[in-house]
Amino acid sequence: MESSHGSSFSSLNSYIQALAQTPARFARRAGSVSTSYEEMSRVKARSGSDMQRTLRWYDLVGFGIGGMVGAGVFVTTGRASHVCAGPSVIISYAIAGLCALLSAFCYTEFAVDMPVAGGAFSYLRVTFGEFAAFLTGANLIMDYVMSNAAVARSFTAYLGSAIGISTSKWRVVVHVLPDGFNEIDIFAVLVVLAITLIICYSTRESSVVNMVLTALHILFIGFVILMGFWKGDWKNFTEPADPKNPSGFFPFGAPGVFNGAAMVYLSYIGYDAVSTLAEEVHNPVKDIPIGVSGSVIIVTVLYCLMSASMSMLLPYDMIDADAPFSAAFRGKSDGWKWVSNVIGIGASFGILTSLLVAMLGQARYMCVIGRSNVVPAWFARVHPKTSTPVNASAFLGIFTAAIALFTDLNVLLNLVSIGTLFVFYMVANAVVYRRYVAIGTTNPWPTLAFLCSFSLTSILFTLIWHFMPQGKGKAFMLGACALIAIAIIQLFHCLVPQARKPEFWGVPLMPWIPCVSIFLNIFLLGSLGGPSYVRFVFFSALAVLVYVLYSVHASFDAEAEGSFGQKNGGILKESGESDQDPSFKV
């Protein structure tokens, strides 16, 4: 580092000189890691005021349920049953719920040990370094913004359907704009801006609003479940409408169940936003494990009951893949058409809760990214009166509203999910790395070699599953990959000792549970279509460009000013020191 250093952005000449030093600065900052202690002290102090610890475990359960149970479940259930699993979609939801719980364990270990608002960004920054954290964080925020804009536009569609008003009456067509961007949705913008005001005002009041909307949504879901069991027929669990179609509870066998699990797993996305609220939790050690795991378990039960109700209403080959519950009652001639309107109202409440939780999460991600100096520190400010990240909330809220104003729902839906799954994959790797590697004292290469070899085996399994034709050869190859993966895990478990033990809460059965999460997320990534990968490559390239042109230089300046340390191989804090923030109760 230079002996004297000014800001890289103080003048055009300074910036040009900084760009000339980009390779050296990138080599220095990209792999730099922080520690839990630093994240909760010096880094957190960059926000000025503190976020108030006002949330309890029941608030987190409410946020988790609200974030996961949106309108998508009303669509995903029908598609998975009709195309993949038939009545055994119930088992698909149970398997996906178990996998979501295992992935949630990885988030919980980090959130308890390091209760800050940054979620996955902070977790990756203390393990794989600044560049990996920025790349994944940037993709995750874009996923949040795109999906929130899509959710806001779908709200008008569901509400219009529920009250009998065509979507075209809610929107204004501007013919000079290209198709897909020419339907102006003012109502979606108003919804986004209203939720932005709520989350800027208070996290405590946001929780109250979420609790009320989530309770109403669950009442509607309970109503749908009861109607399905009342009006349904048990024979629909085993008999299709067309005798030519496969029959039984497992009409498509075990592959259908697991393909269905892969499809419905996306219905569980949302629990990760709860981890971004860790800095506002009264007692993280107790409340976060209950809040995250409890919400996943409750949602799994709800999903299984909903899928059972749907399977009783109609044989799987008669289920409408796009609107299974509404269509099931709309087609009845005995006075039950009104139930489809009730379902539309219930879905509207679910949209609002999922939008509220996601917008809370995206603002806290941006706030902590601002604390790390890789985006302007303006985003990191916490308002002293509201104790919320007002700047990040307002900026992302306006950005989301602008996209929701113009962009068609179908365009947005092709762009989401991949960033979130990629972050889940990275966090599962990070929790293994952090358990087995103590920076500066432990050789990281055995752990890195294990993570890479297991990921490659999982990728090979996924490619065989999706592209190899059915037959004994495929079964043999899948079995061989599974045995190799198990052998890799067992060998690592026996030969490499853990470098640290969690002080308060840790993922059990290490490294098996994180490895299941790693495999599942790779498998799901393999299920996504080409547009998702195009989006991922585009936004990743954009993130790299921002990092090279701005972030690495701002981070380098902060290091020179002493805002935080730089460690690629050293130790910022002795391993025996507590990682916990002294401001919360244990």
Side-chain angles (χ1 to χ4, degrees), residues 25-40 42-44 46-47 106-107 109-111 113-144 272-273 275-276 278-279 361-377 379-380 389 392 418-434 437 439 444 448 451 514 518 521 536 539-556 558-559 563-569 572 579:
R25 293 184 175 191
F26 184 89
R28 183 176 184 84
R29 292 305 308 167
S32 62
V33 296
S34 180
T35 66
S36 300
Y37 180 79
E38 207 176 38
E39 289 291 315
M40 294 186 295
R42 284 193 291 176
V43 174
K44 191 169 84 168
R46 290 182 60 83
S47 288
C106 300
Y107 272 83
E109 177 170 327
F110 275 114
D113 186 61
M114 188 171 56
V116 294
F121 175 83
S122 297
Y123 309 156
L124 295 175
R125 193 162 177 256
V126 300
T127 49
F128 297 134
E130 181 179 278
F131 178 70
F134 179 78
L135 184 63
T136 52
N139 267 287
L140 186 59
I141 285 179
M142 288 308 303
D143 251 24
Y144 266 120
D272 56 304
S275 69
T276 67
E279 197 169 309
Q362 71 179 15
R364 279 143 187 81
Y365 273 117
M366 181 61 84
C367 173
V368 173
I369 293 174
R371 289 175 181 174
S372 67
N373 293 286
V374 290
V375 297
F379 291 109
I418 190 169
T420 304
L421 291 173
F422 180 68
V423 172
F424 288 176
Y425 164 78
M426 291 295 290
V427 170
N429 279 276
V431 78
V432 175
Y433 186 86
R434 195 159 187 255
V437 176
I439 297 174
L448 289 173
L451 293 173
I518 290 170
N521 287 296
F536 182 74
F539 283 122
S540 294
L542 187 62
V544 171
L545 189 64
V546 171
Y547 187 81
V548 168
L549 295 180
Y550 174 84
S551 302
V552 71
H553 306 295
S555 176
F556 186 84
E559 180 194 340
S563 294
F564 47 74
Q566 184 271 345
K567 294 290 174 184
N568 286 295
L572 281 167
D579 284 337

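Because the structure is predicted, anything quoted here is derived from the model rather than measured. Here, residue 1 is the first one in the sequence, and each next residue gets the next number.
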| request: Quick one: sort the Tyr547 and Phe131 rings into parallel, tilted or perpendicular, breaks at 30° and 60°. | output: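 Perpendicular, since the angle between the ring planes exceeds 60°.
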Looking at every non-hydrogen atom in both residues, tell me the closest pair between [X] and [Y] and how far apart they are.
{"X": "Phe379", "Y": "Gly370", "answer": "CB-CA, 4.5 Å"}
{"X": "Leu135", "Y": "Ala543", "answer": "CD1-CB, 4.1 Å"}
{"X": "Ala392", "Y": "Cys367", "answer": "CB-N, 4.1 Å"}
{"X": "Gly119", "Y": "Ser275", "answer": "CA-OG, 4.0 Å"}
{"X": "Asn139", "Y": "Ser540", "answer": "ND2-OG, 3.0 Å"}
{"X": "His553", "Y": "Val548", "answer": "NE2-O, 3.0 Å"}

Would you say that [X] contacts [Y] through its side chain, given a criterion of any heavy-atom pair below 4.5 Å between the two side chains?
{"X": "Leu448", "Y": "Tyr433", "answer": "yes"}
{"X": "Val374", "Y": "Phe121", "answer": "yes"}
{"X": "Phe539", "Y": "Asp143", "answer": "no"}
{"X": "Val432", "Y": "Leu451", "answer": "yes"}
{"X": "Ser36", "Y": "Arg434", "answer": "yes"}
{"X": "Met426", "Y": "Thr127", "answer": "no"}
{"X": "Glu279", "Y": "Arg364", "answer": "no"}

Approximate separation, where rounding is to 0.5 Å, of [X] [atom1] and [Y] [atom2]:
{"X": "Arg42", "Y": "Thr35", "atom1": "CZ", "atom2": "OG1", "result": "8.5 Å"}
{"X": "Met114", "Y": "Glu109", "atom1": "CE", "atom2": "CD", "result": "10.5 Å"}
{"X": "Ser551", "Y": "Arg29", "atom1": "OG", "atom2": "CZ", "result": "11.5 Å"}
{"X": "Glu39", "Y": "Ser372", "atom1": "CD", "atom2": "OG", "result": "7.5 Å"}
{"X": "Glu130", "Y": "Asn373", "atom1": "CD", "atom2": "CG", "result": "8.5 Å"}

For [X], all residues meeting side-chain hydrogen bond (donor to acceptor under 3.5 Å, both in side chains), sequence neighbours excluded:
{"X": "Tyr425", "result": "Ser455"}
{"X": "Tyr107", "result": "none"}
{"X": "Asn429", "result": "none"}
{"X": "Ser47", "result": "Arg371"}

| field | Verdict with supporting geometry, Arg28 and Glu559, salt bridge (charged side-chain N to carboxylate O under 4.0 Å, His left out) | value | CA-CA 10 Å; Arg28 183 176 184 84; Glu559 180 194 340; 2.8 Å; yes
| Which residues share a ring pair (Phe, Tyr, Trp, His ring centres under 6.0 Å) with Phe110, sequence neighbours left out |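 For Phe110, the residues satisfying ring pair (Phe, Tyr, Trp, His ring centres under 6.0 Å) (neighbours in sequence not counted) are Tyr123.
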| Counterpart residues, ring pair (Phe, Tyr, Trp, His ring centres under 6.0 Å), relative to Tyr144 (two or more places apart) |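 In terms of ring pair (Phe, Tyr, Trp, His ring centres under 6.0 Å), with neighbours along the sequence ignored, Tyr144 is linked to Tyr365.
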| Can you list the steps and then say if Ile141 with Ile369 is a side chain to side chain contact (heavy atoms under 4.5 Å, CB included)? | CA-CA 10 Å; Ile141 285 179; Ile369 293 174; 3.6 Å; yes
| said: Whether the side chain of Ser555 engages the backbone of Val552 through a donor-acceptor N/O pair (distance < 3.5 Å, no angle test) should be reported. | reply: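 Answer holds: no.
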| said: As a quick check of understanding, evaluate side chain to side chain contact (heavy atoms under 4.5 Å, CB included) for Leu140 and Phe422, giving each step before the final call. | reply: CA-CA 9 Å; Leu140 186 59; Phe422 180 68; over 6 Å; no
| Is the closest side-chain donor-acceptor distance between Ser122 and Arg125 under 3.5 Å? |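 No pair is found: no donor N or O on one side chain lies under 3.5 Å from an acceptor on the other.
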